[in-house]
Amino acid sequence: IVGQGPLSRDAIEEIEMLLLQSDVGVKATDRIIAALQTKIRQEILPADQAIAYLKEILRDILDRPFEAGYRRDFAPKKGVLNIWLIAGVNGVGKTTTIGKLAHIATQSGYRCLIAAADTFRAAATEQVKIWGQRSDVEVIANPGKNTDPAAVVFDAIGAAQARGTELLLVDTAGRLQNKANLMEELKKIRRIIDKKAGDAQIESLLVLDATLGQNGLRQAQVFAEAAQLTGVILTKLDGTAKGGVALAVVQELGLPIRFIGAGEGIKDLRPFSSFEFVEALLS
Amino acid sequence: ALAERLESAWKTLRGQDKITENNIQEALREVRRALLEADVNLQVAKDFIENVRQRAIGAEVIAGVRPDQQFIKIVYDALVEVMGESHSPLAHGEPPPTIILMAGLQGTGKTTATAKLALHLRKERRSTLLVATDVYRPAAIDQLITLGRQIDVPVFEMGTAVSPVEIARQGVAKAKELGVDTVIIDTAGRLQIDAEMMAELAAIKDAVQPHETLLVVDAMTGQEAANLTRAFHEQVGITGAILTKLDGDTRGGAALSVRQVSGQPIKFIGVGEKVEALQPFYPDRLASRILG
Ligand SMILES: Nc1nc2c(ncn2[C@@H]2O[C@H](COP(=O)(O)OP(=O)(O)OP(=O)(O)O)[C@@H](O)[C@H]2O)c(=O)[nH]1
Ligand SMILES: Nc1nc2c(ncn2[C@@H]2O[C@H](COP(=O)(O)OP(=O)(O)OP(=O)(O)O)[C@@H](O)[C@H]2O)c(=O)[nH]1
Ligand SMILES: [Mg+2]
Ligand SMILES: [Mg+2]
């Protein structure tokens with residue numbers, strides 16, 4: 001694309017294809033291309049400057065939540081109870097991400113606890129317990145089958161408050177956003193957290209799989225309303241998927257992306273960087 | 001929906017007696033937009049549009065039928081045809097056991113589908129043995145054992161310290177010994193760009209020579225559905241696919257990508273988390289869903 005002279009019509013088409021193939025989506029791509037073309041017409045930009053401007057457009061979309069009041073640096077507040085509710089549809093990487101977060105927390109000297117609130121899926125509790133063991137973090141679970149997940153959360157908060165825990169990670173069952181009863185269950189979990197730990201620092205994070213297509217926006221809209229989301233974690237970026245739907249999620253819901261999951265190992269989680277994301281998106 | 005969009009694109013066709021290269025352009029663009037919004041891969045969508053264009057050009061505009069509705073029918077029929085057969089049966093090896101290998105990316109629903117297939121086979125009076133070769137994911141073997149117990153189907157496992165190839169091999173030997181009709185081998189999720197893991201999958205396939213290799217794909221997969229299908233098909237070879245989580249509200253364009261890239265049938269769809277939630281694939285239903 002980058003050659004001599006202004007950005008050609010072919011080059012614009014190529015950029016459009018790249019965005020579409022990265023799951024940015026038709027509407028978001030149209031908006032981005034329109035913004036790019038307006039700038040090019042106004043300032044007769046040569047190709048390399050046009051690409052630089054495109055990256056700026058994309059980074060601005062991703063950074064806008066920070067201009068709207070979200071802090072850029074994201075870490076639990078020391079010395080108080082922080083509760084991070086981890087939610088999302090089935091199979092996106094919630095439990096694995098909690099394993100990774102527990103590791104970072106203990107490495108950074110936080111007292112950490114995990115609530116195993118997926119009481120439904122086969123071996124869900126066993127899975128999160130193994131993750132807890134890997135960073136020496138205790139997992140609060142209820143032994144009975146099909147226990148109410150809200151009860152586990154309630155007990156875990158009680159334990160966290162009693163022990164002076166600094167970070168309580170709440171693992172929840174995967175749930176599709178069109179299942180009204182499951183979204184009600186998530187609302188109830190959020191209510192319990194607000195009620196029993198009203199003075200805690202609460203974060204509600206949606207885990208999005210980078211391989212996800214346009215349904216990701218719908219997921220975010222429904223989960224935002226049910227769980228009062230405060231951020232997004234984007235997983236599986238070690239694959240070939242670019243996670244472009246995250247742009248629409250950030251743009252339409254104003255939520256910041258907090259972490260990137262890039263692998264199945266305990267260390268494969270890093271803070272989100274809009275620069276890194278945009279470079280990878282356009283590569 | 002596509003119907004409303006085509007209505008306006010179709011004003012140019014009123015009073016025409018043929019669908020031509022010119023009057024179809026805008027309509028084709030609308031179809032392309034609809035397919036992209038439904039997560040059909042861009043290249044797959046382009047190829048499909050070309051297919052539609054060729055079917056539509058020269059078609060007589062049927063008197064009494066609105067051109068946009070006629071065009072939608074052309075698109076719908078083309079999509080149904082590409083989506084392939086309904087009720088494409090599972091392989092049935094002679095002599096038994098039939099060997100089925102499950103494959104796919106992380107978190108797509110392979111382990112759940114393994115148990116769902118076993119329950120489905122029981123309805124056809126076919127006994128099953130499940131084999132747990134995911135030695136990587138924490139409690140993956142526990143998960144399959146728990147599911148097996150729920151449906152009273154035996155699970156063969158050798159813990160997490162044995163190679164998946166060896167577990168698969170011994171699992172098939174066990175199936176022969178038990179005289180079961182079918183053995184289903186669950187595998188770990190893997191990236192198609194992970195050379196080592198793809199080699200492992202190819203080695204499992206080589207060792208057990210399955211009658212059926214099923215790619216398990218999440219219905220909400222975006223553009224990468226085409227690329228991952230191509231990689232799995234070229235490096236391992238698949239004989240069919242299972243599309244999961246269709247109880248969600250995603251349009252499911254990944255189905256068209258999987259089908260067009262591999263040429264293999266989508267045999268089943270997952271429509272829920274419970275073990276009973278498996279249905280045969282109906283191309284017309286998925287076609288309507290993709291077109292919105
Ligand atoms: N490649 C890759 N795989 C990941 C990543 N995060 C999670 N996984 C894998 O994705 C699969 C599902 O992960 P889980 O943590 O069980 O997902 P979940 O959201 O808790 O799933 P449910 O509780 O069943 O809804 C596992 O095989 C993980 O190892 C990632 O960043 N990269
Ligand atoms: N709603 C819904 N959930 C499903 C369906 N199929 C599987 N799931 C859920 O998706 C999640 C992942 O399922 P698994 O069977 O663990 O997926 P997997 O492919 O074996 O995952 P890995 O082994 O980690 O690669 C679980 O929460 C399942 O309950 C389906 O058809 N509908
Ligand atoms: Mg989980
Ligand atoms: Mg599995």
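Contact count versus chain B (heavy atoms, under 4.5 Å) is highest, among Lys242(A), Gln214(A), Glu126(A), for Gln214(A). The greatest number of non-hydrogen atom pairs below 4.5 Å with chain A, out of Arg137(B), Glu37(B), Gln192(B), is found for Arg137(B). In terms of heavy-atom pairs under 4.5 angstrom with chain B, the leader among Val89(A), Asn90(A), Thr240(A) is Thr240(A). When each of Glu224(B), Arg33(B), Gln43(B) is checked for heavy-atom pairs under 4.5 Å with chain A, Glu224(B) comes out on top.
Residue-environment remark: CG (Asn181(A)) exceeds the threshold of 12 foreign heavy atoms within 6.0 Å. Residue-environment remark: NZ (Lys187(A)) exceeds the threshold of 12 foreign heavy atoms within 6.0 Å.
Within the 4.5 angstrom heavy-atom criterion, no atom of Lys129(A) approaches chain B. Gln21(A) touches chain B through backbone and side chain together, each having a heavy atom under 4.5 Å away. Contact annotation for Arg149(B): neither backbone nor side-chain heavy atoms come within less than 4.5 Å of a heavy atom of chain A. For Lys110(B), no part lies near chain A; criterion is any non-hydrogen pair under 4.5 Å. Using a 4.5 Å cut-off between heavy atoms, Leu144(B) does not touch chain A at all. Neither the backbone nor the side chain of Val128(A) comes within contact range of chain B, judged by heavy atoms closer than 4.5 Å.
Side-chain contact, Asp171(A) with Thr95(A): a donor N or O sits under 3.5 Å from an acceptor N or O. Counted by atom type alone, Ser22(A) and Gln223(B) present zero donor-acceptor pairs between their side chains at under 3.5 Å. Defined by atom type and a distance below 3.5 Å, a donor-acceptor pair is present between the side-chain atoms of Arg121(A) and Gln127(A).
Residues Glu252(A) and Arg218(A) are not paired through a salt bridge, judged by the lack of any N-O separation under 4.0 Å between the basic side chain and the carboxylate. With respect to the salt-bridge test (charged N to carboxylate O, under 4.0 angstrom), the residues Arg270(A) and Glu276(A) qualify. Between Glu185(A) and Arg175(A) there is a salt bridge, since a side-chain N of the basic residue sits under 4.0 Å from a carboxylate O of the acidic one. Salt-bridge check for Arg190(B) with Glu200(B): passed, with a basic side-chain N closer than 4.0 Å to an acidic carboxylate O.
In this structure the side chain of Thr160(B) reaches within 4.5 angstrom of the side chain of Ile141(B), judged on heavy atoms.
Close approach to chain A, defined as a heavy atom under 4.5 Å from one of its heavy atoms, is seen in Lys245(B), Asp247(B), Gly248(B), Asp249(B), Thr250(B) of residues 242-256 of chain B, taken by number.
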Q. ring-ring contact (aromatic ring centres under 6.0 Å, His included) between Phe272(A) and Phe277(A): does it pass, once the steps are laid out?
A. CA-CA 8 Å; Phe272(A) 177 74; Phe277(A) 182 84; 5.7 Å; yes
